[in-house]
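Please read the structure below before turning to the comments.
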Amino acid sequence: MTSTHDLALFVSGALAAGYAVAALAFLNFWRQTRDRLFALFATAFALLLVQRVALALGPVASLNTVWYYMLRLVAFALILVAIVDKNRGSTR
């Protein structure tokens, strides 16, 4: 029987792999198009990857976990900025 901690580590690994795939896909799209949206999305997913790995490898009960979630907040803010930037009307 597996423990809850082992299951949490497995899920963290699966999420980290998904974030890595998404970051690399958006990085590839950015390299093809040079569109800022894809660069910001790649950066956001890379931050989510770092957050998930740090959370999985860090101490289980720590007062510093708030910083891990601040990374997540920055990543989601980047996604929002990218969407707003892309949908903003061009004045040229």
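Position 1 is the first residue of the sequence, and the numbers go up from there. What you see is a predicted model, and the numbers here were worked out from it, not measured in a lab.
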Query raised in the report: Among all residues two or more places apart in sequence or in another chain, which pass the side chain to side chain contact (heavy atoms under 4.5 Å, CB included) test with A82?
Result: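 So A82 forms a side chain to side chain contact (heavy atoms under 4.5 Å, CB included) with L37, L40, F41.
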In terms of hydrophobic clusters joined by side-chain contacts under 4.5 Å, are [X] and [Y] together?
| X | Y | value |
| --- | --- | --- |
| L49 | L47 | no |
| V50 | V66 | no |
| I79 | F38 | yes |
| L71 | L78 | yes |

Query raised in the report: Taking only residues two or more places apart in sequence, or in another chain, which ones meet R36 in a salt bridge (Lys or Arg N to Asp or Glu O under 4.0 Å)?
Result: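 Salt bridge (Lys or Arg N to Asp or Glu O under 4.0 Å) list for R36, sorted by chain: D85.
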Requested in this report: State the CG-CZ distance between L80 and F76, to the nearest 0.5 angstrom.
Outcome: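 Going from CG on L80 over to CZ on F76, the span is 9.5 Å.
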**Report entry** From L9 atom CG to T4 atom OG1, the distance as rounded to the nearest 0.5 Å
**Finding:**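 Reported to 0.5 Å precision, the distance equals 11.0 Å.
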Using a 3.5 Å cut-off and no angle test, enumerate the donor-acceptor pairs between side-chain atoms of residues 11-30 and protein atoms at least two apart in sequence or in another chain.
unit_1	atom_1	unit_2	atom_2	d
S12	OG	A8	O	3.1
S12	OG	R52	NH1	3.4

